[in-house]
Amino acid sequence: MKTANNWSKSSWRSLPVLQQPNWPDENELNSVLQTISDLPPLVFAGEIRDLKNKLAKAVQGEAFLLQGGDCSEEFCRCTAPNIRDTLKVLLQMAVTLTYAGEKPVIKVGRIAGQYAKPRSSDTEMIDGVELPSYRGDMCNSEEPDPAARIPDPTRLLQGYNMSAASLNLLRAFTRGGFGALDKVQAWNQEFVKESPMGRSYERLAKQISRAMKFMQTVGFDTNTPQLKEVEFYTSHEALFLGYEEALTREDSLEGGWYDCSGHMLWIGDRTRQIDGAHIEFLRGVLNPLGMKVGPKHDIDDILAIIDKLNPNNEAGRITLITRFGAKDVEKHLPPLLRVMKKEGKNVLWSCDPMHANIRKTDAGHKTRSFDDILSELRQFFELHWAEGTIPGGVHFELTGADVTECTGGARQLADEQLGQNYLTTCDPRLNAEQSLEMAFQIAEMMKN
Ligand code: PEP
Ligand code: CO
């Protein structure tokens with residue numbers, strides 16, 4: 001069924017499509033996709049609309065977007081402690097930013113569906129053997145074994161199930177009291193508590209607890225959803241289009257098509273070709289969309305893509321997630337800001353200070369340094385202020401676990417220490433303490 005603008009959830013199929021697995025058996029793939037199409041959606045269109053309305057506020061500077069989570073979620077880490085700890089650190093960061101910035105923070109996880117990864121090459125060399133690249137747990141296994149690297153469509157169904165299980169726990173935590181403001185102290189993890197960041201957080205949490213007590217003492221009912229519950233949204237890169245299509249449903253209440261695999265979807269820097277399948281698919285779904293913009297972009301191309309994805313210039317629909325690197329942000333960001341401002345485009349500006357700040361250590365670890373990440377962020381804020389535009393959000397790869405993947409931070413994690421607890425299968429993440437430290441730094445910028 002095609003809509004008025006000649007779009008259908010499968011219209012992408014006639015266009016060139018990048019970054020898809022070479023599924024060995026088309027019939028098996030189609031049968032799995034049919035199964036997923038018959039299963040319930042993961043999120044509801046009403047929630048997606050709420051998120052878009054909140055993001056529209058952030059475009060005006062009346063809210064701030066915090067988006068973060070794993071580079072690549074893994075099936076074997078879909079556990080209660082992992083989900084809880086990622087949620088904890090995001091809630092800690094959000095409360096820190098809310099308190100300093102005096103505006104609501106929109107919390108969006110890279111979670112419950114971030115199982116598909118774009119790669120720079122179809123194959124990779126491991127110990128002298130050429131293997132199909134690992135494309136995320138929804139495609140193949142990261143294990144360096146030729147059989148384990150063959151794309152397996154049943155993993156799409158497993159990804160759906162893992163996403164449902166993660167989302168179920170996230171909903172339980174955020175609705176059931178875990179995200180209540182009187183729990184701010186409980187979000188501080190044991191291994192963070194004794195660090196300088198942990199102690200700063202403890203002081204902030206005490207202030208919030210005292211304010212809550214004061215409100216109760218003077219007779220306010222603090223048993224309200226605003227204080228007891230927290231709105232939390234999910235997001236992932238919309239990469240494997242067959243999977244996204246299978247979860248795209250028409251809203252029975254208000255009509256319109258929504259990709260119900262997650263609330264917010266983003267388009268990667270490698271798959272945003274204006275005449276490509278990814279843009280075709282995403283132009284027809286009504287979700288809020290993120291778009292990564294890296295150093296190789298062309299401004300006219302970005303403008304044309306925005307027109308295609310958001311012909312009515314609706315605020316909240318498009319978040320431009322810039323990722324230029326600490327060294328190049330000063331060169332690339334201002335021209336982009338000026339053009340969008342001149343053309344009157346309603347976009348939310350978010351900074352991904354992770355993806356263009358990667359380096360390899362002598363021992364071969366892929367890492368990022370805390371200082372480079374902070375430097376890109378700081379310049380992002382300053383360049384926006386200089387242009388009179390609004391720095392409205394941040395996008396991180398982070399985890400609530402005590403990993404050693406990014407260098408620096410208060411503990412001055414060195415290259416040689418990265419091997420201690422290096423767990424990521426893809427890009428290096430900030431650990432809980434580094435994430436909190438980053439939030440305190442952003443909080444200082446937001447006070448300006
Ligand atoms: C990512 O966010 O994990 C990613 C691959 O980003 P980008 O498309 O910006 O490289
Ligand atoms: Co990444």
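One is the number of the first residue; the rest follow in order along the sequence. Excluded from the calculations below are hydrogen atoms, water molecules and symmetry mates; all remaining heavy atoms, backbone and side chain alike, are included. Atoms within a ligand are numbered from 1 in the order they appear, just like the ligands themselves.
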- Query: At the Co ion (ligand 2), what angle lies between atom NE2 of H355 and atom SG of C71, rounded to 10 degrees?
  - Reply: 170°

- Out of the N/O/S atoms in D427, what is the name of the one closest to the Co ion (ligand 2)? OD2

- E397: which N/O/S atom is nearest the Co ion (ligand 2)? OE2

Distances for all N or O pairs of ligand 1 and the protein under 3.5 Å?
| unit_1 | atom_1 | unit_2 | atom_2 | d |
| --- | --- | --- | --- | --- |
| ligand 1 | 2 (O) | R110 | NH1 | 2.9 |
| ligand 1 | 2 (O) | R110 | NH2 | 3.4 |
| ligand 1 | 2 (O) | K292 | NZ | 2.7 |
| ligand 1 | 2 (O) | H355 | NE2 | 3.4 |
| ligand 1 | 3 (O) | R110 | NH2 | 2.9 |
| ligand 1 | 3 (O) | K117 | NZ | 2.7 |
| ligand 1 | 3 (O) | H355 | NE2 | 3.0 |
| ligand 1 | 3 (O) | E397 | OE2 | 3.1 |
| ligand 1 | 6 (O) | K292 | NZ | 2.8 |
| ligand 1 | 8 (O) | D269 | N | 2.9 |
| ligand 1 | 9 (O) | K292 | NZ | 2.9 |
| ligand 1 | 9 (O) | R323 | NE | 2.6 |
| ligand 1 | 10 (O) | R270 | NH1 | 3.2 |
| ligand 1 | 10 (O) | R323 | NH2 | 3.0 |

- Parallel under 30°, tilted from 30 to 60°, perpendicular over 60°: which one fits the rings of H395 and H355? perpendicular

- Task: Using distance alone, with no hydrogens and no angle criterion, decide if S261 and H236 have a side-chain donor and acceptor under 3.5 Å apart.
- Result: yes

Would you tabulate the side-chain donor-acceptor contacts of residues 87-94 under 3.5 Å, counting partners in other chains and residues two or more places apart, or write 'none'?
| unit_1 | atom_1 | unit_2 | atom_2 | d |
| --- | --- | --- | --- | --- |
| Q92 | NE2 | N188 | OD1 | 3.0 |

Distance-only donor-acceptor hits, side chain of residues 408-420, under 3.5 Å, sequence neighbours excluded:
| unit_1 | atom_1 | unit_2 | atom_2 | d |
| --- | --- | --- | --- | --- |
| R411 | NE | E433 | OE1 | 2.7 |
| R411 | NE | E433 | OE2 | 3.0 |
| R411 | NH2 | E433 | OE1 | 3.0 |
| Q412 | NE2 | G409 | O | 3.3 |
| D415 | OD1 | R359 | NH2 | 2.8 |
| D415 | OD2 | R359 | NH1 | 3.3 |
| Q417 | OE1 | A414 | N | 2.7 |

- Message: Please list all pairs meeting salt bridge (charged side-chain N to carboxylate O under 4.0 Å, His left out) that have one or both residues in residues 131-156, counting only residues at least two apart or in different chains.
- Response: D122-R135, E124-R149

- Task: Assign the ring pair W7 / F281 to parallel, tilted or perpendicular, where the plane angle (0 to 90°) is split at 30° and 60°.
- Result: tilted

- Task: Over 60° means perpendicular and under 30° means parallel, so classify the ring planes of H297 and F324, tilted if in between.
- Result: tilted

